[in-house]
There are 2 protein chains.
Amino acid sequence: MARTQGSHSELTAPRIRAAALKLFARHGYAAVSMRQIAKDVGLQAGALYNYTPDKQSLLAELMRAHMEDLLAARAEAASAQLAPLEALAGFVRFHIGFHIERPEEVFIAYMELRALEPDNFADIEALRRRYEDELEAILRRGAAAGVFAVEDPKIATLAVIAMLTGVNTWYRAGGRLSLEEVEEIYWGMVRRAVGA
Amino acid sequence: MARTQGSHSELTAPRIRAAALKLFARHGYAAVSMRQIAKDVGLQAGALYNYTPDKQSLLAELMRAHMEDLLAARAEAASAQLAPLEALAGFVRFHIGFHIERPEEVFIAYMELRALEPDNFADIEALRRRYEDELEAILRRGAAAGVFAVEDPKIATLAVIAMLTGVNTWYRAGGRLSLEEVEEIYWGMVRRAVGA
DNA sequence: GTCTATAAAACGATAGAC
DNA sequence: GTCTATCGTTTTATAGAC
């Protein structure tokens, strides 16, 4: 039961990730020092390097984990093959719900792409592209079936995702609208926007 | 005609702003040093302080100028009082056109808000709010007249602006679609989204 | 108005004791 | 695994010569 010096590492790694996540989201990757992260965790700066080879890897791992969480959650939510209208409704609600639950990860994933070195950037972009393809496939299916009227499925995909992700810029739990009401309002706008 | 030492200051100020704009947009405010900006202009770092009291003011002035340009251009474009449908079409085309012409300013204005000190942040936020109010007023007028079906004009405002500003993340001049085609596609989505 | 030089502090990352 | 200490570099900003 008694812990000796340095024995609680299995708790330290997630605490470092949590501190980096919070500070990167709040101040930006470039503006946050390793010393600030260490102080937030209660360590000296040098100790961080037992958990990450460098600052860049810490950022890249946060972003990779977020994108993989997103794809895994989406794969589960979309396991059933639905008609285009129901599939689109499911995507809209999934996207809003998932993103609202993780405002810090979402903020970093969209704002710190330019802070990634080329290899990390390519990895994260590929994951993001896979996610966008999920929505694009729904819109193409619906357009082919004649239930959606989208002039350009790729642009409609990007437009819908931009609109939905924008919820994160203003929604606050406990505000005027519940999450369910927000999802309903956005679903209405998306449904009409794609001519369904 | 011959210039003596230090005589070309009237050209230096805009060159500093242009360099800061380019570098802040590309790498982020915190990641750009005064030395980098000076090198881009062809100066030593200390010379920049003849033009700005500090780095923060340089960012704040870039953002303020952008927001004031936006409001002035919008005021001119919207000088005529139109019916809600035509006013909305005008706003959509104005927003896309203005933002596409200034990708660096737009990127900074959205990404570097957190880098602003509190007083500067409040100033910029107030300007942004004035711009959003222009669209909200159009949506409220249209809803009151029964030509739009928006459940919540404030949320619809934020949703439309997020969607339109998202064009900047993917549009490149010379690509598959002309700017006019893009404006037309987005106008179609916005028009349907608001139930017009 | 720009230069060189520098002050004072902070940066990422490492070495070695424990 | 974390500490103290430090290396080598870079940072913002200023001082004073020209």
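Every chain is numbered from 1 and lettered A, B, ... according to where its sequence line falls, protein lines coming before strand lines.
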Enumerate all atom pairs, one protein N or O and one N or O from nucleotides 6-12 of chain C, separated by less than 3.5 Å.
unit_1 : atom_1 : unit_2  : atom_2 : d
C:dC11 : OP1    : A:Ser33 : OG     : 3.2
C:dG12 : OP1    : A:Lys55 : NZ     : 3.2
C:dG12 : OP2    : A:Met34 : N      : 2.8
C:dG12 : N7     : A:Arg35 : NH1    : 3.0
C:dG12 : O6     : A:Arg35 : NH2    : 3.1

Got a donor-acceptor contact below 3.5 angstrom from the A:Lys39 side chain to the A:Met34 backbone? no
Any idea how B:His99 and B:His66 line up, ring-wise: parallel (<30°), tilted (30 to 60°), or perpendicular (>60°)? perpendicular
Atom CG of B:Leu48 and atom P of D:dT14 are separated, to the nearest Å, by 13 Å
Contacts of A:Asp69 meeting side-chain hydrogen bond (donor to acceptor under 3.5 Å, both in side chains) (sequence neighbours excluded), chain-then-number -> none
At less than 4.0 Å, is any side-chain N or O atom of A:Thr12 found next to OP1 or OP2 of D:dG1? Yes or no. no
Output yes when at least one side-chain N/O atom of A:Tyr51 is less than 4.0 Å from OP1 or OP2 of D:dT2, else no. yes
Can you measure B:Asn50 atom CG to D:dA15 atom P for me and round it to whole angstrom units? 13 Å
Do the charged groups of B:Arg192 and A:Glu151 touch, with an N to O distance under 4.0 Å? yes
Can you tell me the distance, in whole Å, between the CG atom of A:Leu11 and the C1' atom of D:dT2? 15 Å
Check the phosphate of D:dT4 against A:Gln44, side-chain N and O only, distance under 4.0 Å to OP1 or OP2. Yes or no? yes
For B:Glu132 and B:Thr157, indicate whether the former's side chain and the latter's backbone hold a donor-acceptor pair under 3.5 Å. no
Short side-chain donor-acceptor distance under 3.5 Å, A:Tyr131 and A:His95: yes
